[in-house]
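A short worksheet on the structure shown next.
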Amino acid sequence: MTMNEEQVLDQSASKARTIVGKVVSNKMNKTIVVEVERNVKHPLYGKYVKRYSKMYAHDENNRCNIGDVVMIQQTRPLSKLKRWTLVELVRGSA
């Protein structure tokens, strides 16, 4: 493997989208549901409004609990709804 191929592989791995969100469900085996909050400016009034998205993420060791703040990374489709995988546990629920 040449130096250029290694650089291309490193760049492609770093382009994967990562987001931080809160775990709202861990009832499934090896799967968590992560809620991501974003602020969107209202087109007419200009006020910022909170919008939420739920993403299904793969949790290999079932280590996340409800209320944990986690970082997830986009990956290949793992099931019908799962397109994310757990990268790290940012903050555990207290």
Side-chain angles (χ1 to χ4, degrees):
M1 187 180 279
T2 65
M3 187 64 149
N4 290 337
E5 291 176 1
E6 289 178 14
Q7 289 174 348
V8 170
L9 290 175
D10 289 341
Q11 288 173 356
S12 64
S14 64
K15 285 186 181 180
R17 194 170 150 212
T18 59
I19 54 176
V20 176
K22 189 167 86 170
V23 177
V24 293
S25 174
N26 64 349
K27 302 291 185 201
M28 294 167 276
N29 187 28
K30 296 188 178 184
T31 303
I32 55 174
V33 181
V34 179
E35 187 176 65
V36 178
E37 177 185 315
R38 60 189 171 91
N39 290 321
V40 178
K41 191 174 185 179
H42 191 278
L44 178 61
Y45 299 115
K47 180 180 179 178
Y48 283 91
V49 183
K50 290 180 184 176
R51 296 286 181 226
Y52 298 94
S53 300
K54 286 185 180 178
M55 283 122 178
Y56 288 73
H58 185 69
D59 179 12
E60 182 64 35
N61 301 322
N62 288 322
R63 65 182 202 194
C64 293
N65 294 314
I66 296 174
D68 291 350
V69 177
V70 294
M71 181 182 291
I72 57 176
Q73 184 177 43
Q74 199 167 22
T75 185
R76 64 180 177 83
L78 300 171
S79 68
K80 179 182 173 183
L81 297 174
K82 248 197 297 194
R83 305 291 188 268
W84 298 85
T85 186
L86 178 68
V87 175
E88 70 173 293
L89 188 67
V90 177
R91 185 178 60 223
S93 60

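Values below: every heavy atom of this structure, side chains too, minus hydrogens, waters and symmetry copies. Residue numbers count from 1 along this sequence.
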Search all heavy atoms of Val34 against all heavy atoms of Ala57 and return the closest pair with its distance. CG2-CB, 4.4 Å
Please assess Glu37 against Arg51 for the test salt bridge (Lys or Arg N to Asp or Glu O under 4.0 Å), listing each intermediate value before the final yes or no. CA-CA 6 Å; Glu37 177 185 315; Arg51 296 286 181 226; over 6 Å; no
Could you tell me the separation between the CG atom of Leu86 and the CZ atom of Arg63, rounded to the nearest 0.5 Å? 5.0 Å
Quick check for you: to the nearest 0.5 Å, what is the distance between Ser79 atom OG and Met28 atom CE? 9.0 Å
Please indicate whether Lys22 has more than 12 foreign heavy atoms, meaning atoms of other residues, nucleotides or ligands, lying under 6.0 Å from its NZ. no
From Lys27 atom NZ to Ile66 atom CD1, the distance as rounded to the nearest 0.5 Å: 5.0 Å
Asp68 (side chain) donor-acceptor with Val23 (main chain) under 3.5 angstrom: no
Any non-hydrogen side-chain atom of Lys41 less than 4.5 Å from a side-chain atom of Lys47? no
Arg17 vs Gln73, side-chain contact (heavy atoms from CB on, under 4.5 Å): CA-CA, chis, key distance, verdict: CA-CA 6 Å; Arg17 194 170 150 212; Gln73 184 177 43; over 6 Å; no
Examine the side chains of Asn29 and Asn62 and answer whether a donor and an acceptor come within less than 3.5 Å of each other. yes
Is there a chain of hydrophobic side chains (I, L, V, M, F, W, Y, each step under 4.5 Å between heavy atoms) that links Val36 to Val69? no
Interatomic spacing from CH2 in Trp84 to OG1 in Thr31 - rounded to 0.5 Å: 15.5 Å
With side-chain contact (heavy atoms from CB on, under 4.5 Å) as the criterion, how do Met55 and Ile19 come out once you've worked through the C-alpha distance, each side chain's angles and the decisive distance to 0.1 Å? CA-CA 10 Å; Met55 283 122 178; Ile19 54 176; 3.5 Å; yes
Rounded distance (nearest 0.5 Å) linking atom CD1 of Ile32 with atom NZ of Lys82: 9.5 Å
Check whether any side-chain heavy atom of Val70 sits under 4.5 Å from a side-chain heavy atom of Leu89, and report yes or no. yes
Which heavy atom of Leu78 sits nearest a heavy atom of Arg83, and at what distance? N-NH1, 4.5 Å
